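Position 1 is the first residue of the sequence; numbering continues from there. The model shown is predicted, which means the values in this text are computed figures rather than measured ones. As a basis for the values below, the full set of heavy atoms in this structure was taken, side chains included, without hydrogen atoms, waters or symmetry mates.
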Amino acid sequence: MLKAVILIGGPQKGTRFRPLSFEVPKPLFPVAGVPMIQHHIEACAQVPGMQEILLIGFYQPDESLTRFLEAAQQEWNLPIRYLQEFAPLGTGGGLYHFRDQILAGSPEAFFVLNADVCSDFPLSAMLGAHRRQPHPFLLLGTTANRTQSLNYGCIVENPQTHEVLHYVEKPSTFVSDIINCGIYLFTPEALRPLRDVFQRNQQDRQLCLALGEDSPGLWPGAGTIRLEQDVFSALAGQGQIFVHLTDGIWSQIKSAGSALYASRLYLGRYQSTHPERLAKHSPGGPRIRGNVYIHPTAKVAPSAVLGPNVSIGEGVTVGEGVRLRESIVLHGATLQEHTCVLHSIVGWGSTVGRWARVEGTPNDPNPNDPRAHMDSESLFKDGKLLPAITILGCRVRIPAEVLILNSIVLPHKELSRSFTNQIIL
C-alpha cells in the first residue's frame with residue numbers, strides 16, 4: 001500500500017506569481033490546460049498500489065479547491081483529501097503534524113511532491129529503486145550547470161551506491177551539479193527525524209522563554225520544520241538518504257514566466273501521454289502549429305493561427321486573423337479580430353481589442369546547454385522593470401490598435417494607450 005502527499009503551500013507563498021494568484025490558488029493555475037497539481041495527481045494515480053492522495057497546505061478550502069478535489073476523486077476513483085495547516089509549517093512541518101493521517105492504514109511508503117514543480121514524475125522508477133535498496137529517504141535529483149546549481153538544493157552522492165553524502169540548500173559556492181527536484185519517496189521511519197527536529201524546536205522555544213527572548217521574529221514555532229535544512233543536511237552521510245537521478249523533464253514553477261515554460265514542457269509530453277488533449281489541424285478549423293491545447297468550449301475562428309505552445313482555456317473567444325504563440329489564454333477571455341499575442345498570459349475574462357499587440361520577452365533556458373534550467377527571475381534591476389513575459393490580470397480591457405510590451409497589468413484595468421516595460425496599477 002502506498003500514499004502520496006502534495007505540498008501546496010499557502011497564500012503567503014507564490015508572491016512572484018502575482019497578479020495571477022489573486023484570482024485562484026497557485027496550485028490550481030492552469031498549466032497546459034489543466035490545474036498545476038492535476039499533473040501530480042495523474043502521476044500518483046498511475047502508480048500501482050496507490051491508495052490515497054493527501055494535499056497539505058495553508059490555503060482556506062474555498063469553492064475552487066473543493067470543486068477540484070471532488071472532480072479529481074471521481075475521475076481517478078481515489079480518496080483525495082485536503083489537510084489544512086493551522087499555520088505555515090514549512091516543507092516538513094505539515095508532514096509531521098499530519099503524521100497520523102499519512103500513516104493510517106500502514107503504508108509501505110509515501111511519495112512527497114512539491115506542487116510548484118513541473119516533471120514527468122518518474123514515480124514508478126523511484127519505487128523500483130526503493131524496493132531494490134530500501135532506505136528512509138529517497139530524493140529525486142537531476143543535473144544543472146555550475147552557475148544555476150546555486151539556486152537549488154545541491155546533492156553530493158556516492159556514485160556507486162547513490163547515497164547522499166552531503167546536502168546544502170542554495171549554497172553560496174559550487175558544491176555539486178546534482179540538484180534536488182522536490183520529489184521524494186519516504187518510508188514511515190522518515191518521520192522519526194522530523195519528530196526529533198520538532199522536539200528540539202520545543203526545547204529551543206522553552207530556552208527562549210526562559211531568557212525572555214520570545215518574539216515572532218525570532219521564533220517561527222516548534223511545528224515549523226524545513227525538510228531541506230533541518231533534515232536532509234543533518235542526515236546526509238549517515239546511510240539514510242539516497243538519490244535517484246532522472247534525465248526527464250523538470251522545472252520549478254515559481255513565476256508566471258516559468259508557468260509558461262512548464263506549459264511548453266507538458267504540451268510536448270502530451271504527444272505520448274495525452275494525445276487527445278492536443279488540437280489537430282482540420283478542414284475549416286484554425287491553423288495549428290506545434291503543440292496546442294484548446295478547451296472544448298472555446299470558440300476559435302478558422303483563420304486564426306495558433307502555436308506553438310499555446311493553451312486556450314474554457315469559454316475563450318478567438319476572433320478572425322488572430323495570431324497566438326507561446327501564450328496562455330485563461331477562462332472567458334476574448335481576443336478580437338487580428339490581435340497578436342506572443343509570450344504572454346491573458347487573464348480571466350480579459351479582452352484584447354482589434355489589431356492590438358500583446359507581447360513579452362521569454363526567459364527560456366539556454367538551448368545550447370542541456371543542463372540549463374529556468375533562471376530565478378527578478379522583476380526589477382536598478383529600479384527598472386526587466387523585460388519578461390507580459391501578464392494581463394483578470395478582466396483587463398486592452399483597446400484596439402495599441403501595443404502592450406513587457407508589461408504587467410493588474411486586474412480590472414481599462415487601458416487607453418500603449419505601454420512598454422511598465423507595471424500598470
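Between Y270 and H274, the angle of the ring planes goes over 60°, which puts this pair in the perpendicular group of the 30/60° scheme. Taking the six-membered ring for Trp and thresholds of 30 and 60 degrees, H39 and Y266 have nearly parallel ring planes, at less than 30 degrees apart. Aromatic ring orientation, Y152 versus W250: perpendicular (interplanar angle above 60°, classes split at 30° and 60°).
The closest side-chain donor-acceptor pair between Q38 and E42 falls under 3.5 angstrom. Side-chain contact of D177 with S149: a donor-acceptor pair under 3.5 Å is absent, judged by distance alone. In summary, the side chains of Y293 and R277 do not present any donor paired with an acceptor at a separation below 3.5 Å, with no hydrogens or angles considered.
A salt bridge links K254 to D116: one of the charged nitrogens lies within less than 4.0 Å of a carboxylate oxygen. The pair E228-R226 does not count as a salt bridge, with every side-chain nitrogen at least 4.0 angstrom from each carboxylate oxygen. Between E401 and R354 there is no salt bridge, since none of the side-chain N atoms of the basic residue sits less than 4.0 Å from a carboxylate O of the acidic one.
Using a 4.5 Å cut-off on side-chain heavy atoms (C-beta onward), R397 and T351 make contact. Taking the side chain as every heavy atom from C-beta outward, L2 and V47 approach each other to under 4.5 Å.
Aromatic ring centres of F242 and H130 lie farther apart than the 6.0 Å criterion allows.
Counting non-hydrogen atoms of other residues, nucleotides and ligands closer than 6.0 Å to CZ of R99 gives a total above 12.
Under a cutoff of 6.0 Å and an axis angle of 45°, R417 and F419 form a cation-pi pair. Cation-pi check for R195 over F198 is not met; the charged atom does not lie both under 6.0 angstrom from the ring centroid and within 45 degrees of its normal.
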